[in-house]
Amino acid sequence: MTTNVETRRRKLDTDKQDSPEDHDGAHQPGSCCDGVCVAHVHLEASDAHSCLLQTSSSCTPKHPQRTCSFVDEIRDENPRKTTISAENEVEAQKLANNYKFGFRKWKSHVTERPFEDRSNIVKELYSELNVIKPYSVGSLFTCGNVLYVFLFGWWIALVYVLVGLLMFLTVFGIPYAKLCWKLSCYFLWPFGKSIEKASVSVAAYSVKILQDNSNLEAEEDGKPSSPLLLPTPVGETIEEPTERPQNDHYWWRVSTYIWLLVGYPLLAITHSVLCLISWMLVFTIPVAKMSTKTLHTILLIPPEHVHISQATETQEHESRVILCCYHAVNLYYYKYTVDGINVFAVNLLLLVIVSLVIGYVDKSNEFVSSEVKFATAVSSIIPLSYYIGMGIASISAQSNFAVGAVVNATFGSITELTFYITALVRGHHQGNKCLQEIVKAALTGTLLGCILFIPGICMIIGGLRHSEQRFNSRSAGVSSSLLFISVGGVFAPTLFSKAYGNLVCEDCTNSTGTNSSGSFTCKNCHYDLSENSYSLFHSHIQPLVYTISILLPVSYIIGLIFTLKTHSHIYDIHVGDGTGHLGASVHWSRWRALLILIVATVLMSACADLTTEHIQPILSHSSISQYFIGVTVLAMVPEIPEIVNGVQFALQNTISLSFEVGSCIAVQVCMIQIPILVLFNIFYDVGFVLIFSDLHLWASIFSVIVVNYIFMDGKSDYFQGTALVVVYLILLALYYFAPSPSGC
């Protein structure tokens with residue numbers, strides 16, 4: 001048995017050394033055995049969410065150059081053990097929360113990672129573009145650099161030529177005209193060239209004071225916590241000239257003020273546009289950095305001090321490199337973060353602002369159509385869901401279990417509940433029953449997506465890197481059983497109504513066109529549960545709905561109590577007294593995370609209101625079934641951040657957490673969201689009835705049966721994931737061709 005474990009260890013080490021990527025949770029050499037927090041999670045066969053966390057304070061590395069993984073899984077025949085390595089106590093608490101019942105799974109770090117432990121690829125993302133490295137960049141004629149010329153280079157160079165001509169006409173601005181013409185050549189093809197601040201013949205010396213053991217390498221590479229594009233200083237430079245510097249005359253020149261009034265504003269607008277476009281494209285962020293440094297530094301120094309040369313030239317004069325860029329495109333910028341927030345989430349905030357402006361300013365749809373407003377409002381939910389998830393993970397990692405459980409139960413469902421309640425209220429005020437059916441379709445679509453699509457897509461993408469991934473089949477079976485019970489409870493009133501309700505059909509005609517005798521063809525058949533079956537609904541089905549709406553949240557609370565009280569010792573975390581990276585520098589404090597949660601919730605409510613307001617024209621004029629719109633767009637768009645988390649877990653060979661991502665959302669839909677909608681309907685009658693259509697009923701039950709069968713053998717591969725996704729697509733096809741619900 002020990003030999004098998006060591007064999008798996010060696011295989012795991014080999015896989016990690018072959019992987020060049022720097023994952024969000026990965027440790028670099030020297031960080032995992034220098035006082036890190038290590039948690040051993042024992043997954044019990046009887047409980048899918050039980051885990052034992054033990055933390056060691058030190059260890060002796062056998063392979064000093066080995067890169068430690070975010071999650072190391074070492075499995076034996078009998079106890080199934082998962083070893084989790086974390087840099088500090090807060091990260092250990094966040095990782096432990098991923099294995100707890102009722103906690104949404106979160107992959108990204110909630111604390112600032114030590115910069116020296118990041119890979120060279122990630123360090124390059126935060127570079128200030130002021131380092132000459134001619135022998136390590138390879139060829140400069142890359143597709144990205146050529147693309148830069150066609151997208152940006154030619155018109156930036158043209159603007160500099162025109163500004164140079166304008167400055168030349170002023171006579172006093174001739175020095176700046178020459179500078180513009182030099183910069184026009186530079187920005188047409190800036191790669192492999194350096195812009196330096198050359199000193200004139202003035203005796204001066206400078207003293208560099210480093211703070212807190214900082215070094216020059218840290219200054220060159222930059223810091224990951226740098227605010228947007230501005231550089232992060234590692235020390236403070238004090239220049240002490242031996243005689244009065246000639247720079248003081250810079251502000252006494254007429255040409256300086258002509259430049260600041262005529263040339264600089266035009267270039268400031270140009271570089272601002274360039275910076276915005278290249279930043280929004282993400283992968284061209286080096287162009288944004290280059291533009292920002294030009295605007296803030298190069299254009300504000302005397303023109304005679306600006307020296308442009310090839311980066312490979314030997315510097316025979318005293319100078320300081322200001323800008324040196326080798327590549328305009330870097331595909332790894334999808335990892336770039338600003339204060340712990342992924343760059344895509346930062347950029348999508350602009351979409352939220354645009355959605356709110358066009359939605360509430362252009363009320364009469366004079367400038368923007370309802371379809372565009374609907375698309376932008378739905379898309380705005382994606383970044384807001386990300387911020388809500390980040391806030392929940394930050395508060396849970398810095399708080400005790402009770403606070404974390406409350407935050408997960410409340411804000412964890414706030415995205416979906418905001419839309420559901422807004423749609424029900426608007427449908428009630430408009431007398432539109434179609435919105436109620438859309439809500440039911442979105443609920444069912446969330447269940448189908450979490451049961452089939454999320455595990456399936458994680459299996460497929462994870463299978464591309466790992467040929468086979470193993471997980472505890474008993475733990476997955478417990479989660480699936482809990483999910484089956486939840487789905488059964490939600491659809492129990494529907495089954496009851498099918499068994500005892502009266503089938504009512506409308507628009508019935510026979511072959512003769514009369515309502516006498518013969519065979520009839522009917523449309524809009526449904527089970528009547530209100531007017532004509534008053535006794536059945538109010539005496540039997542409604543009490544059943546209320547009972548289930550009480551039992552499901554009680555089951556959820558029992559699961560939390562089980563985790564908090566009965567098995568509280570399982571989740572004890574003990575951080576050692578090592579001298580490694582145990583200090584946690586969190587991105588968001590608890591109060592900041594709470595404030596962001598509240599703001600994101602308010603913005604989410606506004607976007608949900610715009611979505612429900614502008615969905616009606618789409619439902620009325622679209623040839624697509626209203627079921628399909630609810631099951632796909634309205635159900636899965638808010639879950640995109642969760643899908644990304646699941647895929648990241650699968651890529652790191654922790655497929656069990658990928659399954660838990662979908663299972664956790666589905667359980668919260670059944671045990672929290674639906675009971676809250678029933679409770680809301682009691683206090684504010686919006687006509688919500690917990691009776692689903694036949695398609696919703698059988699699609700959900702079939703999905704649970706399929707996923708239980710897939711999880712039986714404890715193995716995950718590409719083909720099983722493909723099977724789940726194919727089943728999901730078949731169900732979507734049924735919804736696509738299904739007739740619209742009654743009342744739409």
Exercise for the section: Start with the C-alpha gap between Lys289 and Glu128, add the side-chain angles, then the distance that decides, and say whether salt bridge (charged side-chain N to carboxylate O under 4.0 Å, His left out) holds. Expected result: CA-CA 7 Å; Lys289 291 183 176 181; Glu128 296 179 10; over 6 Å; no
Exercise for the section: Would you confirm whether the ring centroid of Trp259 sits within less than 6.0 angstrom of the ring centroid of Tyr257? Expected result: no
Problem - Distance-minimising heavy-atom pair for Thr111 and His587 - result: O-NE2, 3.1 Å
Handout entry: Residues forming a salt bridge (charged side-chain N to carboxylate O under 4.0 Å, His left out) with Glu639, sequence neighbours excluded
Key = none
Exercise for the section: Could you note down all residue pairs passing salt bridge (Lys or Arg N to Asp or Glu O under 4.0 Å) where residues 592-602 supplies at least one of them, sequence neighbours left out? Expected result: Asp339-Arg592
Show the atom names and distances, to 0.1 Å, of all donor-acceptor pairs under 3.5 Å that link a side chain in residues 341-359 to residues at least two apart or in another chain.
from, atom 1, to, atom 2, distance (Å)
Asn342, OD1, Phe344, N, 2.9
Asn342, ND2, Tyr334, O, 2.9
Asn347, OD1, Trp279, NE1, 2.6
Asn347, ND2, Trp279, O, 3.2
Ser355, OG, Ala377, N, 3.4

Exercise for the section: Please find out if less than 6.0 Å separates the ring center of His271 from that of Tyr264. Expected result: no
Handout entry: Side chain proximity check, Phe419 to Leu634, heavy atoms < 4.5 angstrom
Key = yes
Fill in the blank from the handout: The complete set of salt bridge (Lys or Arg N to Asp or Glu O under 4.0 Å) pairs with one or both residues in residues 371-391, sequence neighbours excluded, reads Asp362-Lys373
Handout entry: salt bridge (charged side-chain N to carboxylate O under 4.0 Å, His left out) against Arg426, all qualifying residues, sequence neighbours excluded
Key = Asp609
Show me the side-chain donor-acceptor pairs of residues 165-181 shorter than 3.5 Å, one per line, residues at least two apart or across chains.
from, atom 1, to, atom 2, distance (Å)
Thr170, OG1, Met167, O, 2.5
Thr170, OG1, Gly173, N, 3.2
Tyr176, OH, Tyr250, OH, 3.4

Problem - Inter-residue atom distance Gln648.CD - Ser108.OG, 0.5 Å rounding - result: 5.5 Å
